[in-house]
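Heads up: the structure comes next, in structure tokens.
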Amino acid sequence: METPLEEALEVMVATFYKYSCKEGDKLKINKAEMRELLLNELPVFVKGKIDERGFEYLMKKLDENGDEELDFQEYAVFLALTASLCDEFFQECSDVSNRKM
Ligand SMILES: [Ca+2]
Ligand SMILES: [Ca+2]
């Protein structure tokens with residue numbers, strides 16, 4: 001049986017290909033594919049946080065080699081960023097609960 005982390009890693013990889021295959025280069029995520037990924041897979045995360053300018057900024061930041069698409073390496077950086085944002089979120093939560101005590 002797989003552990004939750006193993007399952008999560010599989011989902012992370014599968015999610016990349018689920019969107020990268022939609023159009024153009026099947027091994028890369030273009031802007032339209034990324035937009036769809038964010039809206040469908042991370043709705044709570046992007047809600048009210050990422051507007052059009054934020055999205056352009058995010059794409060530019062992640063696109064290390066400047067080909068305007070995200071390859072798997074660049075996507076992995078995105079996941080790492082998202083994970084660390086999640087971590088900050090949880091830390092803020094524990095700060096709040098600490099203060100209540
Ligand atoms: Ca593609
Ligand atoms: Ca790129």
Side-chain angles (χ1 to χ4, degrees):
M1 215 185 103
E2 287 181 343
T3 67
L5 183 58
E6 285 170 333
E7 266 180 46
L9 287 168
E10 262 184 37
V11 170
M12 286 177 190
V13 175
T15 302
F16 177 83
Y17 292 107
K18 181 175 164 190
Y19 289 89
S20 71
C21 284
K22 284 181 184 268
E23 52 185 76
D25 191 328
K26 294 203 182 317
L27 300 178
K28 288 177 186 170
I29 290 183
N30 68 17
K31 273 188 192 179
E33 289 165 338
M34 187 60 178
R35 200 184 302 267
E36 235 185 296
L37 186 155
L38 286 174
L39 292 174
N40 293 339
E41 309 295 338
L42 294 166
V44 175
F45 235 80
V46 298
K47 202 179 174 197
K49 293 192 188 84
I50 295 190
D51 56 9
E52 193 53 36
R53 271 179 63 192
F55 177 73
E56 293 286 335
Y57 180 78
L58 177 72
M59 270 309 275
K60 208 173 262 179
K61 277 276 164 198
L62 294 174
D63 183 18
E64 280 268 338
N65 61 2
D67 66 353
E68 305 212 321
E69 304 204 55
L70 302 181
D71 56 30
F72 194 82
Q73 289 294 317
E74 292 162 344
Y75 168 78
V77 171
F78 164 71
L79 288 180
L81 268 174
T82 313
S84 68
L85 281 174
C86 244
D87 185 43
E88 277 174 32
F89 179 75
F90 282 120
Q91 282 182 13
E92 273 172 35
C93 285
S94 67
D95 281 353
V96 171
S97 55
N98 284 344
R99 256 179 253 145
K100 273 184 198 158
M101 276 158 67

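Counting starts at 1 for both ligands and their atoms, following the listed order. Numbering starts at 1 and runs along the sequence shown.
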Have a look at Asp63 and say which of its N, O or S atoms is nearest the Ca ion (ligand 2).
OD1

In terms of ring plane angle, is the pair Phe72 and Phe16 parallel, tilted or perpendicular, where the classes change at 30° and 60°?
perpendicular

So, does Glu33 use its side chain to make a donor-acceptor pair with the main chain of Asn30 at under 3.5 Å?
yes

Considering just N/O/S atoms, say which atom of Glu69 is closest to the Ca ion (ligand 2).
O

Got a donor-acceptor contact below 3.5 angstrom from the Glu69 side chain to the Ser20 backbone?
no

For the Ca ion (ligand 2), decide whether Glu68 has an N, O or S atom at a distance under 3.0 Å.
no

Can you hop from Tyr75 to Val11 via hydrophobic side chains spaced under 4.5 Å?
no

Atom name in Glu23, limited to N/O/S, at shortest distance from the Ca ion (ligand 1):
O

If only atom types and distance count, is the side chain of Asp87 paired as donor or acceptor with the main-chain N or O of Gln91 below 3.5 Å?
no

Please determine whether Lys22 has a backbone or side-chain N, O or S atom lying under 3.0 Å from the Ca ion (ligand 1).
no

Any chance you could lay out the salt bridge (charged side-chain N to carboxylate O under 4.0 Å, His left out) test for Glu68 and Lys28, step after step, and finish with the verdict?
CA-CA 10 Å; Glu68 305 212 321; Lys28 288 177 186 170; over 6 Å; no

Counting backbone and side chain alike, does Ser20 bring an N/O/S atom below 3.0 Å of the Ca ion (ligand 1)?
yes

Please determine whether Asp67 has a backbone or side-chain N, O or S atom lying under 3.0 Å from the Ca ion (ligand 2).
yes

If you consider just the N/O/S atoms, which atom of Asp25 is the closest one to the Ca ion (ligand 1)?
O

